[in-house]
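See structure below.
All values below come from the heavy atoms of this structure, side chains included, with hydrogens, waters and symmetry mates left out.
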Amino acid sequence: MKNKIVFITGASSGIGEGCARKFASQGWNLILNARTVSKLEDLKVELEQAYGIRVFVLPFDVRDRTLAVKQLESLPDEWKPIDVLVNNAGLVIGLDKEFEGDLDEWDVVIDTNIKALLCITRLIVPGMVKRGKGHIINIGSIAGDAAYPGGSVYCATKAAVKALSDGLRIDLVDTPLRVTNIKPGMVETNFSVVRYRGDKRAADDFYAGIRPLSGDDVAETVYFAASAPAHVQIAEVLLMPTNQATGTISYRKRKE
C-alpha cells in the first residue's frame, strides 16, 4: 500500500470509470464506488491485472447516508488514508419545464448531485485535514454556469457544486488541502441515456453532428489537476468539445 489512494464515486461507467482507468494506469490504488456491484468487480479484476495496483470495491448508493457512513467506517485501516476524493456520482432525469417536472425525480437528482456530495465530503475530508494532505475533486458541469431550457433543476444542482467547491476551498485555505471543480460540457456517456429516461436513440441524437467529449477526456483533466505540484491548486476547469462554445451554443455538421 505504498501507492497513493483515490476514492471515486460513480465509478462503474462514464467519467468515473475513465478516472479509474487513468489513475490505475499511473500506479494509484483505487477505492471504487457505485451501485452496480458486478461492473465494479469486473473493473477491479481488469485494472489489477493490467496495472498491478490494488482495487477496493465499495458498492452503495451515495444517497443512502446511513449506508455511506457504515461502508466508509468499515474500510480497513490501510485504505483509510485517502489522497484524492473524486466526487463524480451525478445525474439528470428528463428535460421538463420547471413547472411541469416530476418532484420524485427531482429528489433523486438533488439528493445525488448535492446532498450525497456533501455527505461523502463530510465523511472523508476530516481525515485529510488530520493527515495534512488531500485533494477533493468535484465533477461539476458547464450547466452550473447558466440555466438552459429543460434543465433548471440540474443546472441549479451544478451551480451548488460550484458554490460548495468554492466554499470548501475557503474553509481549507489554512491547510495544504486542495479543491478543484471540473466543469465538462457535452460528454457522451450513459448520463444522457438516463436524462432521456432510457431512450438510447434520443440520447444519440443529442450528439448528432458533433464530436463530444468522452469520459476518458474528462479523466485526463481530473488527473492533470490531481498531479499538479503540491503548491499549485487548480481551482476550476471548464472543458468542452471544440465545436461547443457555451452550454447552449454549439456547431453541428449537417449530414450530406
Side-chain angles (χ1 to χ4, degrees), residues 4 6-26 28 30-34 36 39-40 43 46-47 51 62 83-92 109 112-114 116-117 120-121 135-146 148 151 154-155 157-162 164-166 178-196 203-204 206-207 210-228 232-250:
K4 290 184 177 181
V6 58
F7 176 63
I8 305 168
T9 65
S12 61
S13 64
I15 294 172
E17 181 181 353
C19 288
R21 295 183 183 281
K22 179 61 181 182
F23 278 87
S25 73
Q26 301 303 309
W28 289 58
L30 317 175
I31 302 174
L32 302 182
N33 159 264
T36 309
K39 289 185 178 180
L40 292 180
L43 191 57
E46 177 189 344
L47 297 181
Y51 300 110
V62 290
D83 296 283
V84 172
L85 165 62
V86 180
N87 276 316
N88 165 71
L91 78 164
V92 59
V109 174
T112 304
N113 295 3
I114 302 177
L117 180 147
I120 301 300
T121 298
H135 193 167
I136 302 91
I137 301 178
N138 294 328
I139 305 300
S141 172
I142 191 175
D145 289 346
Y148 55 72
Y154 174 68
C155 293
T157 67
K158 290 304 183 178
V161 171
K162 173 177 172 52
L164 293 171
S165 301
D166 292 346
R178 302 182 292 182
V179 181
T180 301
N181 181 23
I182 303 291
K183 305 189 302 182
M186 297 170 66
V187 186
E188 188 170 14
T189 67
N190 192 59
F191 175 93
S192 297
V193 178
V194 175
R195 162 177 276 169
Y196 286 96
D204 291 342
F206 178 74
Y207 300 109
I210 191 171
R211 181 178 178 179
L213 303 175
S214 67
D216 291 338
D217 292 328
V218 180
E220 289 289 337
T221 303
V222 170
Y223 189 78
F224 171 75
S227 59
V232 177
Q233 179 170 217
I234 299 173
E236 190 169 280
V237 179
L238 172 64
L239 64 153
M240 299 175 288
T242 299
N243 292 126
Q244 181 179 14
T246 70
T248 56
I249 298 174
S250 59

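- Judged by distance alone, the side chain of T180 and the main-chain N or O of I234 form a donor-acceptor pair under 3.5 Å.
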Using the rule given for side-chain contact (heavy atoms from CB on, under 4.5 Å), can you reason through S250 versus N243, listing the C-alpha separation, both sets of side-chain angles and the distance that settles it, and then say yes or no? CA-CA 6 Å; S250 59; N243 292 126; 5.7 Å; no

Handout entry: Criterion side-chain contact (heavy atoms from CB on, under 4.5 Å) on Y223 and S25, from CA distance to verdict
Key = CA-CA 11 Å; Y223 189 78; S25 73; over 6 Å; no

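- Within the model, atoms NZ of K183 and NZ of K158 stand 12.0 Å from one another, a figure rounded to the nearest 0.5 Å.
- The shortest side-chain heavy-atom distance between I15 and F191 does not fall under the 4.5 Å cut-off.
- Test N113, T121, T9 against N87 for side-chain hydrogen bond (donor to acceptor under 3.5 Å, both in side chains) and you get one pass: T121.
- Between atom CD1 of residue I120 and atom CG of residue N88 there is a gap of 12.0 Å, rounded to the nearest 0.5 Å.
- Residues forming a side-chain hydrogen bond (donor to acceptor under 3.5 Å, both in side chains) with R21 (at least two apart in sequence, or on another chain): E17, E46.
- Looking only at atom types and distance, the side chain of N138 has a donor-acceptor partner in the side chain of S165 under 3.5 Å away.
- Using cut-offs of 30° and 60° on the angle between ring planes, the pair F206 and Y196 is tilted.
- Counting heavy atoms from C-beta on, the side chains of Y154 and Y148 come closer than 4.5 Å.
- A search for ring-ring contact (aromatic ring centres under 6.0 Å, His included) contacts involving F7 returns nothing, not counting sequence neighbours.
- Proximity of a side-chain donor or acceptor of S227 to a complementary backbone N or O of F224 within less than 3.5 Å is detected.
- Looking only at distances, no side-chain donor or acceptor of K22 sits under 3.5 Å from a matching main-chain atom of D217.
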Begin with the C-alpha distance, continue with both residues' side-chain angles, and end with the deciding distance and a verdict on side-chain contact (heavy atoms from CB on, under 4.5 Å) for V86 and I182.
-> CA-CA 10 Å; V86 180; I182 303 291; over 6 Å; no

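- Side-chain contact between I139 and V222 is present, with heavy atoms from C-beta onward closer than 4.5 Å.
- A donor-acceptor contact closer than 3.5 angstrom links the side chains of S192 and Y207.
- For residues 237-249, the set of pairs meeting the salt bridge (Lys or Arg N to Asp or Glu O under 4.0 Å) definition, not counting sequence neighbours, is empty.
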| query | So Q233 and V179, side-chain contact (heavy atoms from CB on, under 4.5 Å) or not? Walk me through it. | reply | CA-CA 7 Å; Q233 179 170 217; V179 181; 4.2 Å; yes

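- L32 approaches L40 most closely through the heavy-atom pair O-CD1, 3.7 Å.
- No donor-acceptor pair under 3.5 Å is formed between the side chain of R211 and the backbone N or O of P241.
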